[in-house]
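Remarks on the structure that follows.
None of the values given here were measured: they were computed from a predicted structure. FYI, the numbering just counts along the sequence from 1.
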Amino acid sequence: MRGEHKTGTGAVLEAPAAPGRPLVTVARLYVYALHGCLCEVAFTAALDWCYTRDWRLAGHSSLWALPMYATAIYLIEVMRTRLMARRLALPARLAAYTGFIYLWEFSCGAGLSLLGACPWDYSHYNYNLGGLVTLEYALPWTVAAFIAEQHVIERTLRIRLH
C-alpha cells in the first residue's frame, strides 16, 4: 500500500511506479501552464491584499503567462534531470533554477516589450532591471522553484495513462 509505514522502523514503503505511459510533453506543458498561472493569480491576490486589505482577493495574470510558465517549468524539468544526475544539492539546484527564472522573465519581458505587450512593470521597485525583473522577488521565485521541483514536476512525471 502506498505510503504504508513498515512496523517498527519508521520507514515509509513506496509503491512501485504505476504501469502505463507517462504524460506526453504537450500534456505536461498544459499542467505546467495551469500551475504557473494559478500561482501567479494567488500571489498577486495575496500581494495586493497586503497593501489594500481587499478581501475580494482579485489576483491577475495575462494570457501571455500560459506559454511562458509552460515552457519555463518544462525547461526546469529538463534542468532538474541533469542537475540531479550530477547529484547537486537542493540549494545549488534552487540557485540554478532561480537564475534561470530571472533570465527567462527578462527575456520574455524584453520580447513582449518589443511588441508593446509586456504585462508587468517592476520599475517602481528599488532593485529592478529595465522594469522587467526585480531582485525583490528572489525569495518568491526560489520558493516557486522549490514547489516546481519538489511537487509539480515530481508528481506530473508520475502520472500514468492507461
Side-chain angles (χ1 to χ4, degrees), residues 1-5 11-50 56-112 117-120 122 125 129 132-162:
M1 176 175 249
R2 182 168 173 71
E4 182 178 298
H5 282 81
V12 177
L13 301 175
E14 289 294 323
R21 301 183 326 254
L23 288 180
V24 296
T25 301
V26 70
R28 294 196 319 272
L29 289 168
Y30 180 76
V31 170
Y32 298 157
L34 294 179
H35 168 76
C37 283
L38 175 63
C39 287
E40 181 172 19
V41 169
F43 178 78
T44 57
L47 189 62
D48 289 350
W49 182 86
C50 289
R56 292 177 293 167
L57 299 175
H60 56 275
S61 188
S62 165
L63 286 178
W64 290 111
L66 290 165
M68 289 170 44
Y69 283 119
T71 53
I73 298 172
Y74 177 75
L75 292 171
I76 290 173
E77 175 191 309
V78 172
M79 289 174 63
R80 173 187 175 271
T81 301
R82 293 179 179 166
L83 296 175
M84 290 181 92
R86 294 177 63 189
R87 301 192 187 287
L88 280 180
L90 179 61
R93 294 193 313 269
L94 291 177
Y97 302 147
T98 303
F100 165 74
I101 289 168
Y102 272 105
L103 179 63
W104 188 252
E105 184 179 32
F106 185 84
S107 300
C108 290
L112 289 170
C118 187
W120 67 88
Y122 299 133
Y125 286 91
L129 180 59
L132 299 176
V133 293
T134 180
L135 286 179
E136 280 93 339
Y137 279 12
L139 182 59
W141 280 134
T142 303
V143 170
F146 176 81
I147 293 168
E149 182 197 88
Q150 297 288 306
H151 300 286
V152 179
I153 295 168
E154 175 73 24
R155 283 161 179 76
T156 301
L157 291 174
R158 288 185 183 187
I159 296 172
R160 294 291 183 261
L161 303 176
H162 299 281

Non-neighbouring partners of E154 that pass salt bridge (Lys or Arg N to Asp or Glu O under 4.0 Å), sequence neighbours left out = R80, R158
request  = Quick one: pull up CD1 in I159 and CG in L23 and give me the separation to the nearest 0.5 Å.
outcome  = 4.5 Å
ask   = Mind checking what makes side-chain contact (heavy atoms from CB on, under 4.5 Å) contact with F100, not counting sequence neighbours?
value = A72, L75, I76, M79, W104
ask   = Can you find a heavy atom in the side chain of L129 that is under 4.5 Å from one in the side chain of Y102?
value = no
Side-chain donor-acceptor distances from residues 58-68 under 3.5 Å, at least two apart:
from: S61; atom 1: OG; to: E40; atom 2: OE1; distance (Å): 2.8
from: S62; atom 1: OG; to: W64; atom 2: N; distance (Å): 3.1

Test side-chain hydrogen bond (donor to acceptor under 3.5 Å, both in side chains) applied to R155 - qualifying residues, sequence neighbours left out = H151
task = For residues A138 and T98, report the shortest heavy-atom separation together with the two atoms involved.
result = O-CG2, 4.2 Å
task = For residues 29-39, pull every pair meeting side chain to side chain donor-acceptor pair (under 3.5 Å), keeping only residues two or more places apart or in separate chains.
result = Y32-E77
ask   = Going through the distances and angles, do L157 and R28 end up as a side-chain contact (heavy atoms from CB on, under 4.5 Å)?
value = CA-CA 8 Å; L157 291 174; R28 294 196 319 272; 3.8 Å; yes
note = Between P140 and F43, the two heavy atoms sitting closest are CB-CE1, 4.0 Å
task = Apply side-chain contact (heavy atoms from CB on, under 4.5 Å) to A70 and list each qualifying residue two or more places apart in sequence or on a separate chain.
result = L29, A33
Contacts of W141 that satisfy side-chain hydrogen bond (donor to acceptor under 3.5 Å, both in side chains) - sequence neighbours left out = E105
ask   = Shortest non-hydrogen contact from L132 to A110?
value = CD1-N, 3.7 Å
query = Which residue pairs pass the salt bridge (Lys or Arg N to Asp or Glu O under 4.0 Å) test when at least one of the two sits in residues 132-152, sequence neighbours left out?
reply = R93-E149
Which residues share a side-chain contact (heavy atoms from CB on, under 4.5 Å) with A95, sequence neighbours left out = none
remark   = Separation between CG (L57) and CG (L47), nearest 0.5 Å, reads 12.0 Å
task = For Y125, enumerate each residue passing the side-chain hydrogen bond (donor to acceptor under 3.5 Å, both in side chains) test, keeping only those at least two apart in sequence or located in another chain.
result = Y137
message = Please enumerate all residues that pass salt bridge (Lys or Arg N to Asp or Glu O under 4.0 Å) together with R87, with sequence neighbours excluded.
response = none
key: Residues forming a side-chain hydrogen bond (donor to acceptor under 3.5 Å, both in side chains) with R56, sequence neighbours excluded   = D54
task = Please report the closest heavy-atom contact between I101 and A145, naming both atoms and the distance.
result = CD1-CB, 4.1 Å
